[in-house]
Amino acid sequence: MKSILITGGCGFIGSNFIHYIIDHNQDLRVTNLDAVTYAGNEANLENIKTNPNYHFIKGDICDQELVRKIFVENDIDTVVHFAAETHVDRSILNPLEFLHTNVYGTGVLLEAAREHWQKNPTGEHRFHHISTDEVFGSLMPNDSAFNESTPYSPNSPYSASKAASDHLVRSYFHTYQLPITISNCTNNYGPYQFPEKLIPLFISNAIHGLPLPVYGDGKQIRDWVYVEDHCEGIYQILSKGKVGETYGIGGNNQPTNLEIILEITSLLDEILPQSPHKPHAQLIQYVKDRPGHDRRYAMNISKINRELGWTPKESLNSGLRKTVEWYIHNANWVENINKNKEFNHFLQTNYSNR
Ligand code: NAD
Ligand code: TYD
């Protein structure tokens with residue numbers, strides 16, 4: 001790894017990964033390609049922007065000419081592909097944007113990698129595709145967790161578009177021997193997550209005394225991984241993972257949404273004892289369920305543990321405490337997003353008729 005292209009590096013996981021990789025590998029040249037959509041935020045990388053090993057290009061992964069040029073000019077040998085439309089609720093409102101970025105955009109990157117690496121066959125190359133456990137569909141309460149051989153069964157336009165992109169990446173290995181790896185990770189949480197997702201939305205709303213809108217009965221189950229653990233897992237796959245393989249990544253926990261929400265509200269009661277909104281759990285409101293809402297996700301992480309020695313370091317308890325504290329200490333970061341017109345329009349559209 002000498003010259004790495006990170007797509008979507010201004011988003012939640014991508015920016016955490018750039019922080020991680022710049023700390024862990026000082027010899028690497030990092031190029032970040034990000035269109036800075038509503039979810040992208042250059043402020044996430046404020047303290048890195050003057051690092052001589054870091055280079056930011058504002059642009060779209062669907063722009064074939066630009067992507068080709070980036071490969072040639074930077075002699076890219078490694079890709080970590082995060083860029084995507086990622087919010088399930090938005091995919092229900094506007095599915096075509098998900099198809100375009102997540103499927104076509106991945107195709108453009110694969111083609112550019114294939115072309116550049118075919119012309120420059122010497123040295124090691126890797127295309128790592130970041131995906132989600134949501135491609136496997138929904139589990140019943142007593143079903144075993146997903147693993148790397150679970151058949152795909154996506155239920156939302158988001159997960160269907162991610163599933164399609166996974167298939168495309170896989171096909172480039174089988175057809176062109178492009179050296180790919182894929183990781184399917186569970187729900188992430190931690191610093192820099194856009195406050196449309198459950199954990200940051202509920203922290204921000206609770207701090208401001210706004211309602212906490214629980215979809216349906218709140219008994220849906222997710223497996224939550226702290227974002228830095230996910231970044232470490234990706235780094236292990238880049239360093240030691242086997243080409244052509246898929247790795248599941250997760251946090252080894254199974255809370256219901258309501259359990260997570262009550263943990264957040266009690267952390268806020270403890271950390272903000274003077275808050276006028278205490279007890280914060282009084283802000284919980286049950287609202288109309290998400291259409292097609294997946295009931296349960298869980299990921300078996302024994303393959304990455306056994307083959308690469310990776311295991312999550314953070315427990316849900318310690319990770320949630322760090323996350324709540326981060327959002328309290330970075331109130332300006334959240335306020336700047338909360339002022340955004342597009343975000344307010346989305347909140348209005350998604351929540352007003354629930
Ligand atoms: P995010 O929504 O926070 O960020 C996405 C980033 O991609 C933004 O910076 C955005 O500007 C950029 N982007 C979007 N469209 C683009 C385009 N056409 N060209 C260039 N850049 C574009 O997403 P995230 O939560 O950081 O997720 C990153 C990846 O991880 C995604 O592929 C997602 O499917 C996957 N993933 C996320 C989670 C999770 O819990 N957040 C879990 C598993 C997998
Ligand atoms: P989310 O963070 O959107 O991630 P995903 O849908 O990809 O798992 O949602 C996590 C869970 O929280 C999911 O079961 C939906 C639920 N949820 C709510 O109950 N209310 C909300 O306002 C949001 C955003 C999510």
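Counting starts at 1 for both ligands and their atoms, in listed order. Just so it is clear, the values below take in all heavy atoms, side chains as well, and ignore hydrogens, waters and symmetry mates.
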(Q) Set out, in order, the CA-CA distance, both residues' side-chain angles and the distance that settles salt bridge (Lys or Arg N to Asp or Glu O under 4.0 Å) for Arg295 and Asp217, then state yes or no. (A) CA-CA 11 Å; Arg295 196 70 183 162; Asp217 64 4; 2.8 Å; yes
(Q) With salt bridge (Lys or Arg N to Asp or Glu O under 4.0 Å) as the criterion, how do Arg290 and Asp89 come out once you've worked through the C-alpha distance, each side chain's angles and the decisive distance to 0.1 Å? (A) CA-CA 7 Å; Arg290 173 188 275 174; Asp89 290 324; 2.7 Å; yes
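Ring planes of Phe146 and Phe136: tilted class, angle from 30 to 60°. Taking the six-membered ring where tryptophan is involved, the planes of His24 and Tyr20 are essentially parallel, since the angle between them stays under 30° and well short of 60°.
Side-chain contact annotation: Asn16 with Tyr192, donor-acceptor N/O pair under 3.5 Å absent. Gln254 and Arg222 are not linked by any side-chain donor-acceptor pair at a separation below 3.5 angstrom, with hydrogens and angles left out of the test.
Under 4.0 Å is where a charged nitrogen must lie from a carboxylate oxygen, and between Arg114 and Glu111 at least one such pair does. Taking 4.0 Å as the cut-off between side-chain N and carboxylate O, Glu115 and Arg68 count as a salt-bridged pair.
At a 4.0 Å heavy-atom cut-off, the residues surrounding ligand 1 are Gly8, Cys10, Gly11, Phe12, Ile13, Asp34, Ala35, Val36, Thr37, Ala39, Gly40, Gly59, Asp60, Ile61, Phe82, Ala83, Ala84, Thr86, Thr101, Ile130, Ser131, Thr132, Tyr158, Lys162, Cys185, Thr186, Asn187, Asn188, listed by chain and number. Listed by chain and number, His87, Val88, Glu134, Asn187, Glu196, Lys197, Leu198, Leu201, Phe202, Pro213, Val214, Tyr215, Gln220, Arg222, Asn257, Arg290, His293, Tyr297, Tyr351 each place a non-hydrogen atom less than 4.0 angstrom from ligand 2.
A cation-pi arrangement, defined by a distance under 6.0 Å to the six-membered ring centre and an angle within 45 degrees of its axis, is absent between Arg90 and Tyr158.
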